[in-house]
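A quick write-up on the structure given underneath.
Lettering follows sequence order; numbering is per chain, from 1.
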Number of protein chains: 2
Amino acid sequence: MTTSPIGNHLRRLRFDHGEMTQEALARAAGVTRQTVIALEAGRYAPSLELAFRLARVFGKQVDDVFFWRDDSVALT
Amino acid sequence: MTTSPIGNHLRRLRFDHGEMTQEALARAAGVTRQTVIALEAGRYAPSLELAFRLARVFGKQVDDVFFWRDDSVALT
DNA sequence: ACGAAATGTATGGTTTACATTACATTCTGT
DNA sequence: ACAGAATGTAATGTAAACCATACATTTCGT
(Lines give C-alpha, C1' and ligand atoms only; values in the text may rest on other atoms or scores of the structure.)
Protein backbone atom coordinates (compact mmCIF):
# COMPACT_ATOMS: atom_id res chain seq x y z
CA MET A 1 0.00 0.00 0.00
CA THR A 2 3.05 2.18 -0.03
CA THR A 3 2.71 5.13 -2.33
CA SER A 4 5.19 5.75 -5.09
CA PRO A 5 7.56 8.75 -5.18
CA ILE A 6 5.98 9.88 -8.41
CA GLY A 7 2.74 11.81 -8.63
CA ASN A 8 0.51 12.70 -11.56
CA HIS A 9 -2.33 14.90 -12.73
CA LEU A 10 -4.30 12.16 -14.44
CA ARG A 11 -7.50 12.72 -12.53
CA ARG A 12 -7.56 16.44 -13.23
CA LEU A 13 -6.63 15.93 -16.88
CA ARG A 14 -9.41 13.40 -17.30
CA PHE A 15 -12.00 15.91 -16.15
CA ASP A 16 -10.46 18.75 -18.12
CA HIS A 17 -10.82 16.41 -21.03
CA GLY A 18 -14.60 16.25 -21.19
CA GLU A 19 -15.59 13.98 -18.33
CA MET A 20 -13.32 11.30 -19.70
CA THR A 21 -13.88 8.08 -17.81
CA GLN A 22 -11.17 5.84 -16.36
CA GLU A 23 -12.24 3.13 -18.74
CA ALA A 24 -11.94 5.49 -21.70
CA LEU A 25 -8.49 6.62 -20.63
CA ALA A 26 -7.42 3.03 -20.11
CA ARG A 27 -8.49 2.07 -23.61
CA ALA A 28 -6.91 5.16 -25.13
CA ALA A 29 -3.61 4.35 -23.47
CA GLY A 30 -3.83 0.64 -24.13
CA VAL A 31 -3.93 -0.54 -20.54
CA THR A 32 -6.52 -1.98 -18.19
CA ARG A 33 -8.81 0.02 -15.98
CA GLN A 34 -7.00 -1.44 -12.97
CA THR A 35 -3.81 0.23 -14.07
CA VAL A 36 -5.46 3.65 -14.36
CA ILE A 37 -7.02 3.21 -10.92
CA ALA A 38 -3.69 2.22 -9.39
CA LEU A 39 -1.92 5.15 -11.05
CA GLU A 40 -4.48 7.72 -9.90
CA ALA A 41 -4.33 6.21 -6.43
CA GLY A 42 -0.56 6.59 -6.53
CA ARG A 43 0.01 2.95 -5.75
CA TYR A 44 2.81 2.75 -8.27
CA ALA A 45 4.46 4.75 -10.99
CA PRO A 46 3.90 3.89 -14.64
CA SER A 47 6.67 2.61 -16.84
CA LEU A 48 8.28 5.33 -18.95
CA GLU A 49 6.62 3.82 -21.98
CA LEU A 50 3.16 4.08 -20.46
CA ALA A 51 3.97 7.58 -19.23
CA PHE A 52 4.61 8.59 -22.83
CA ARG A 53 1.37 7.03 -24.04
CA LEU A 54 -0.67 8.67 -21.29
CA ALA A 55 0.90 12.06 -21.91
CA ARG A 56 0.16 11.73 -25.60
CA VAL A 57 -3.51 11.04 -24.91
CA PHE A 58 -3.73 14.51 -23.38
CA GLY A 59 -1.34 16.11 -25.85
CA LYS A 60 1.10 16.92 -23.05
CA GLN A 61 4.72 16.35 -22.18
CA VAL A 62 5.62 13.63 -19.71
CA ASP A 63 6.91 16.28 -17.34
CA ASP A 64 3.54 18.05 -17.45
CA VAL A 65 1.62 14.97 -16.44
CA PHE A 66 3.98 13.37 -13.94
CA PHE A 67 6.10 14.90 -11.25
CA TRP A 68 8.74 14.00 -8.79
CA ARG A 69 7.77 13.90 -5.13
CA ASP A 70 11.12 15.10 -3.93
CA ASP A 71 12.01 13.30 -0.74
CA SER A 72 15.75 13.38 -0.57
CA VAL A 73 18.37 12.74 -3.17
CA ALA A 74 21.79 12.21 -1.71
CA LEU A 75 24.46 12.38 -4.36
CA THR A 76 28.22 12.66 -4.11
CA MET B 1 18.45 -8.63 -27.13
CA THR B 2 15.30 -6.96 -28.30
CA THR B 3 15.53 -3.20 -28.17
CA SER B 4 12.99 -1.15 -26.28
CA PRO B 5 10.58 1.29 -27.97
CA ILE B 6 12.14 4.14 -26.06
CA GLY B 7 15.37 5.83 -27.03
CA ASN B 8 17.58 8.31 -25.21
CA HIS B 9 20.41 10.79 -25.55
CA LEU B 10 22.39 9.62 -22.56
CA ARG B 11 25.61 8.97 -24.44
CA ARG B 12 25.63 12.37 -26.08
CA LEU B 13 24.67 14.11 -22.84
CA ARG B 14 27.47 12.35 -21.01
CA PHE B 15 30.04 13.73 -23.43
CA ASP B 16 28.46 17.16 -23.52
CA HIS B 17 28.83 17.02 -19.81
CA GLY B 18 32.60 17.01 -19.56
CA GLU B 19 33.60 13.51 -20.56
CA MET B 20 31.40 12.12 -17.85
CA THR B 21 31.98 8.43 -17.45
CA GLN B 22 29.31 5.73 -17.31
CA GLU B 23 30.39 4.98 -13.77
CA ALA B 24 30.05 8.64 -12.80
CA LEU B 25 26.59 8.87 -14.32
CA ALA B 26 25.57 5.66 -12.60
CA ARG B 27 26.64 6.99 -9.22
CA ALA B 28 25.02 10.36 -9.84
CA ALA B 29 21.73 8.68 -10.66
CA GLY B 30 22.00 6.15 -7.88
CA VAL B 31 22.10 3.13 -10.11
CA THR B 32 24.66 0.52 -11.16
CA ARG B 33 26.97 0.80 -14.13
CA GLN B 34 25.19 -2.18 -15.68
CA THR B 35 21.99 -0.19 -15.80
CA VAL B 36 23.62 2.73 -17.59
CA ILE B 37 25.20 0.35 -20.10
CA ALA B 38 21.89 -1.37 -20.74
CA LEU B 39 20.08 1.95 -21.14
CA GLU B 40 22.64 3.35 -23.59
CA ALA B 41 22.52 0.07 -25.50
CA GLY B 42 18.75 0.44 -25.63
CA ARG B 43 18.19 -2.96 -24.10
CA TYR B 44 15.38 -1.67 -21.95
CA ALA B 45 13.71 1.55 -20.93
CA PRO B 46 14.26 3.02 -17.47
CA SER B 47 11.49 3.26 -14.93
CA LEU B 48 9.85 6.69 -14.87
CA GLU B 49 11.51 7.28 -11.53
CA LEU B 50 14.97 6.62 -12.92
CA ALA B 51 14.15 8.69 -15.98
CA PHE B 52 13.48 11.64 -13.67
CA ARG B 53 16.73 11.13 -11.79
CA LEU B 54 18.77 10.85 -14.98
CA ALA B 55 17.17 13.94 -16.48
CA ARG B 56 17.90 15.85 -13.32
CA VAL B 57 21.58 14.92 -13.49
CA PHE B 58 21.76 16.82 -16.77
CA GLY B 59 19.36 19.54 -15.74
CA LYS B 60 16.92 18.52 -18.44
CA GLN B 61 13.30 17.50 -18.80
CA VAL B 62 12.44 13.84 -19.18
CA ASP B 63 11.13 14.57 -22.66
CA ASP B 64 14.47 16.08 -23.64
CA VAL B 65 16.45 13.01 -22.61
CA PHE B 66 14.10 10.24 -23.66
CA PHE B 67 11.98 9.86 -26.73
CA TRP B 68 9.37 7.64 -28.18
CA ARG B 69 10.40 5.43 -31.09
CA ASP B 70 7.07 5.68 -32.80
CA ASP B 71 6.20 2.38 -34.39
CA SER B 72 2.46 2.36 -34.57
CA VAL B 73 -0.10 3.29 -32.02
CA ALA B 74 -3.53 2.00 -32.83
CA LEU B 75 -6.18 3.54 -30.68
CA THR B 76 -9.94 3.48 -30.92
C1' DA C 1 54.13 -1.85 -25.82
C1' DC C 2 52.35 -2.09 -21.41
C1' DG C 3 49.02 -1.21 -17.72
C1' DA C 4 45.10 1.03 -16.19
C1' DA C 5 40.74 2.91 -17.02
C1' DA C 6 36.56 2.63 -19.50
C1' DT C 7 33.27 -0.15 -21.66
C1' DG C 8 30.92 -4.46 -22.58
C1' DT C 9 28.96 -9.45 -21.68
C1' DA C 10 27.06 -13.27 -18.84
C1' DT C 11 24.38 -15.26 -15.17
C1' DG C 12 21.17 -15.36 -11.47
C1' DG C 13 18.17 -13.20 -8.22
C1' DT C 14 14.52 -9.67 -6.36
C1' DT C 15 11.00 -6.26 -6.96
C1' DT C 16 7.31 -4.12 -9.29
C1' DA C 17 4.50 -2.68 -13.18
C1' DC C 18 1.51 -4.64 -15.58
C1' DA C 19 -2.70 -8.28 -16.97
C1' DT C 20 -6.80 -11.07 -15.74
C1' DT C 21 -10.84 -12.15 -13.31
C1' DA C 22 -14.20 -11.47 -9.93
C1' DC C 23 -16.66 -8.94 -6.66
C1' DA C 24 -17.88 -4.67 -3.76
C1' DT C 25 -18.98 0.12 -3.37
C1' DT C 26 -20.32 4.75 -4.75
C1' DC C 27 -22.38 7.99 -7.98
C1' DT C 28 -26.03 9.37 -11.13
C1' DG C 29 -30.31 9.87 -13.59
C1' DT C 30 -35.05 9.02 -13.83
C1' DA D 1 -35.86 4.05 -4.59
C1' DC D 2 -33.97 1.47 -8.09
C1' DA D 3 -30.84 0.38 -12.15
C1' DG D 4 -26.92 1.03 -14.34
C1' DA D 5 -22.61 3.26 -14.79
C1' DA D 6 -18.42 4.57 -12.72
C1' DT D 7 -15.11 3.65 -9.34
C1' DG D 8 -12.70 0.79 -6.06
C1' DT D 9 -10.69 -3.72 -3.89
C1' DA D 10 -8.76 -8.41 -3.84
C1' DA D 11 -5.94 -12.28 -5.43
C1' DT D 12 -2.88 -14.48 -8.49
C1' DG D 13 0.40 -14.60 -12.34
C1' DT D 14 4.01 -12.82 -15.64
C1' DA D 15 7.47 -9.91 -17.74
C1' DA D 16 10.83 -6.67 -17.25
C1' DA D 17 13.60 -3.27 -14.66
C1' DC D 18 16.64 -3.35 -11.59
C1' DC D 19 20.98 -5.36 -8.39
C1' DA D 20 25.28 -8.05 -7.54
C1' DT D 21 29.22 -10.38 -9.00
C1' DA D 22 32.58 -11.88 -12.13
C1' DC D 23 35.06 -11.78 -16.27
C1' DA D 24 36.25 -10.13 -21.18
C1' DT D 25 37.33 -6.50 -24.36
C1' DT D 26 38.45 -1.99 -25.93
C1' DT D 27 40.54 2.62 -25.33
C1' DC D 28 44.19 5.60 -23.87
C1' DG D 29 48.14 7.79 -21.59
C1' DT D 30 52.94 7.30 -20.92
Side-chain angles (χ1 to χ4, degrees), chain A residues 1-58 62-63 65-69 71-76, chain B residues 1-58 62 65-69 71 73-76:
Chain A
M1 199 208 80
T2 45
T3 149
S4 95
I6 288 186
N8 65 77
H9 302 298
L10 290 179
R11 199 157 212 134
R12 165 150 41 95
L13 287 167
R14 263 176 52 220
F15 293 140
D16 293 354
H17 224 254
E19 300 297 335
M20 184 183 224
T21 186
Q22 287 181 333
E23 166 105 13
L25 175 55
R27 272 189 289 103
V31 290
T32 49
R33 197 168 56 88
Q34 300 312 313
T35 299
V36 171
I37 291 175
L39 291 179
E40 289 192 358
R43 271 195 284 275
Y44 53 72
S47 65
L48 181 55
E49 193 172 334
L50 177 53
F52 268 108
R53 292 207 304 266
L54 286 167
R56 163 185 299 198
V57 167
F58 297 113
V62 168
D63 297 84
V65 179
F66 301 93
F67 56 88
W68 182 256
R69 281 187 194 146
D71 294 323
S72 60
V73 186
L75 302 181
T76 315
Chain B
M1 198 207 83
T2 45
T3 148
S4 94
I6 289 187
N8 65 76
H9 300 142
L10 291 179
R11 199 158 211 133
R12 164 148 46 91
L13 287 168
R14 264 175 51 220
F15 293 139
D16 293 355
H17 224 254
E19 301 296 335
M20 183 184 225
T21 186
Q22 287 182 333
E23 167 105 12
L25 175 56
R27 273 189 290 102
V31 82
T32 46
R33 196 169 56 88
Q34 298 313 313
T35 300
V36 171
I37 291 176
L39 291 180
E40 290 193 357
R43 271 195 283 275
Y44 52 73
S47 64
L48 182 55
E49 192 173 334
L50 178 52
F52 268 109
R53 292 206 303 266
L54 287 167
R56 164 185 297 198
V57 168
F58 298 114
V62 168
V65 179
F66 301 92
F67 55 89
W68 182 258
R69 279 185 196 148
D71 293 322
V73 185
L75 302 181
T76 316

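When all heavy atoms of A/Ala29 and A/Arg53 are compared, the pair lying nearest together is O-NE, 2.8 Å.
Taking side-chain N and O atoms only, B/Thr21 has a distance below 4.0 Å to OP1 or OP2 of C/dT7. The side chain of B/Thr35 places an N or O atom within less than 4.0 Å of a non-bridging phosphate oxygen (OP1 or OP2) of D/dC19. Distances shorter than 4.0 Å separate none of the side-chain N or O atoms of A/Arg11 from OP1 or OP2 on D/dA6. Contact between the side-chain N/O atoms of B/Ser47 and the OP1/OP2 oxygens of C/dA17 is not found at any separation under 4.0 Å. For A/Arg43 and C/dA17, the shortest distance from a side-chain N or O to OP1 or OP2 is not below 4.0 Å. A close approach under 4.0 Å does occur between a side-chain nitrogen or oxygen of B/Arg14 and OP1 or OP2 of C/dT7.
Distance from the side chain of B/Pro46 is smallest to D/dC18 among D/dC18, D/dT7, C/dG8. Distances from the side chain of A/Tyr44 to the nucleotides C/dT7, C/dC18, C/dA17 place C/dA17 closest.
Evaluated for a side chain to side chain contact (heavy atoms under 4.5 Å, CB included) with A/Met20, the options A/Leu13, A/Leu10, A/Val57 yield exactly one hit, A/Val57.
Annotation: side chain of B/Val31 is not in contact with side chain of B/Leu25 (no heavy-atom distance under 4.5 Å).
Distance, A/Leu50 CG to D/dA17 C1': 15 Å, rounded to whole Å. If you take CG of B/Leu48 and C1' of C/dA17, they are 12 Å apart, rounded to a whole angstrom. Atom CD1 in B/Ile6 sits about 12 Å away from atom C1' in D/dA17, given to the nearest Å. Between B/Leu39 atom CG and D/dC18 atom P the separation is 7 Å, expressed in whole Å. Counting to the nearest Å, the P atom of D/dT7 and the CZ atom of A/Arg27 are 12 Å from each other. Atom-to-atom, CG of A/Leu25 to P of D/dT7 comes out at 10 Å; the value is rounded to the nearest Å. Between A/Gln34 atom CD and D/dT7 atom C1' the separation is 10 Å, expressed in whole Å. As a whole-Å value, the separation of A/Arg33 CZ from D/dA10 C1' is 13 Å.
No donor-acceptor distance shorter than 3.5 angstrom exists from the side chain of B/Arg33 to the backbone of B/Gln22, with no hydrogens or angles considered. No donor-acceptor distance shorter than 3.5 angstrom exists from the side chain of B/Thr21 to the backbone of B/Ala24, with no hydrogens or angles considered.
Side-chain N/O atoms of A/Glu23 and base N/O atoms of D/dT7 include no donor-acceptor pair closer than 3.5 Å.
Backbone-only engagement by B/Ala45 is indicated by non-hydrogen atom pairs under 4.0 Å involving sugar-phosphate atoms exclusively.
Comparing B/Glu49 and B/Phe15, the nucleotide of DNA chain C nearest to each residue sits closer to the 5' end for B/Phe15.
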